[in-house]
Amino acid sequence: YLNLYGQAECGPSGSVLEGDPQLRIPVSVELLNSAPSETFIVRATGDSMKPRIYPGDLVIAKMTNYADDGEVVVCVNNRMTLIKQIRKTNKGLMLVSFNENFEPFEASEDFRVEGVVKGFISYQV
């Protein structure tokens, strides 16, 4: 069972992992790249990560506070919980959406990685 901690994009202030999980969702360990105790789920909102992640998708992430360039992360930025791809540039750390209608933006001072996205369960057909 993995813990579902709420929504990412318009999530709660602070860490998405604070407090009690909203649900516990059964997931086969064969689908995970990490131990269940190191893994969490958030529900995606908004369309900034289309066409790969849609509103309502369950995003599975491995708990970590570090991510490599190009990885998709669950993060806190300006006290918002977001799902974004990170890009390290000479300007600093940029947060990038897959949807081309959204411009990349620079990470804020309070930016921190909560987890690296390892997969998702989509409800799209």
Side-chain angles (χ1 to χ4, degrees):
Y1 285 85
L2 298 181
N3 293 328
L4 172 68
Y5 281 99
Q7 299 181 21
E9 183 186 71
C10 301
S13 297
S15 172
V16 70
L17 302 177
E18 291 174 354
D20 295 327
Q22 294 178 350
L23 291 172
R24 291 191 42 80
I25 299 173
V27 175
S28 172
V29 292
E30 293 174 359
L31 299 176
L32 304 178
N33 295 8
S34 57
S37 62
E38 299 173 348
T39 309
F40 67 95
I41 296 176
V42 292
R43 187 177 307 279
T45 63
D47 59 0
S48 68
M49 296 305 281
K50 283 181 178 180
R52 290 179 56 196
I53 301 173
Y54 285 82
D57 286 355
L58 298 177
V59 177
I60 302 168
K62 179 182 179 185
M63 289 180 208
T64 182
N65 59 5
Y66 176 81
D68 290 320
D69 183 52
E71 288 191 299
V72 177
V73 299
V74 176
C75 62
V76 173
N77 191 71
N78 280 330
R79 297 181 311 196
M80 298 284 291
T81 304
L82 304 173
I83 300 169
K84 295 291 175 203
Q85 182 180 48
I86 59 170
R87 290 287 178 188
K88 297 175 182 178
T89 69
N90 56 359
K91 290 175 150 182
L93 190 64
M94 301 298 289
L95 302 180
V96 180
S97 299
F98 290 136
N99 186 332
E100 294 178 2
N101 293 325
F102 294 82
E103 292 292 321
F105 57 93
E106 195 171 342
S108 66
E109 288 184 25
D110 76 336
F111 173 84
R112 70 181 177 279
V113 172
E114 298 278 303
V116 173
V117 173
K118 295 299 184 181
F120 58 92
I121 301 168
S122 181
Y123 292 102
Q124 306 305 309
V125 239

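No experiment lies behind these values; they were computed from the predicted model shown.
- When side chains are defined from C-beta on, Cys75 does not count as touching Glu114, because their heavy atoms never get closer than 4.5 Å.
- A donor-acceptor pair under 3.5 Å is formed between the side chain of Asn99 and the backbone N or O of Asp47.
- Taking 4.5 Å as the limit, some side-chain heavy atom of Met49 sits within range of a side-chain heavy atom of Val72.
- Closest heavy-atom contact between Lys88 and Ala67: NZ-O, 3.3 Å.
- The two residues Tyr54 and Ala44 come nearest to each other via the heavy atoms O-CB, 3.6 Å.
- Contact between Phe40 and Met63 at its shortest, heavy atoms only, is CD2-CG, 3.5 Å.
- The structure places CG of Leu82 at 9.0 Å from OG1 of Thr45, a figure rounded to the nearest 0.5 Å.
- In this structure, CD1 on Ile83 lies 10.0 Å from CZ on Phe98, to the nearest 0.5 angstrom.
- Here the closest heavy-atom approach between residue Pro55 and residue Gly46 is recorded as CG-O, 2.9 Å.
- In this structure, CG on Asn77 lies 10.0 Å from OG1 on Thr81, to the nearest 0.5 angstrom.
- Two residues are said to be in side-chain contact when any heavy atoms from C-beta on lie closer than 4.5 Å; Ile86 and Phe111 meet this criterion.
- Glu106 meets the side chain to side chain contact (heavy atoms under 4.5 Å, CB included) test with Met94; sequence neighbours excluded.
- Taken from CD in Glu100 to CD in Glu103, the straight-line distance is 10.0 Å, to the nearest 0.5 Å.
- Residues Lys84 and Ser97 come closest through the heavy atom pair NZ-OG, 2.8 Å.
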Using the rule given for side-chain hydrogen bond (donor to acceptor under 3.5 Å, both in side chains), can you reason through Ser108 versus Asp110, listing the C-alpha separation, both sets of side-chain angles and the distance that settles it, and then say yes or no? CA-CA 5 Å; Ser108 66; Asp110 76 336; 2.4 Å; yes
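- Evaluation of the salt bridge (charged side-chain N to carboxylate O under 4.0 Å, His left out) rule for Asp69 yields Arg87 as partners, not counting sequence neighbours.
- Using a distance-only test at 3.5 Å, with no hydrogens or angles considered, a donor-acceptor pair links the side chain of Gln85 to the main chain of Gly70.
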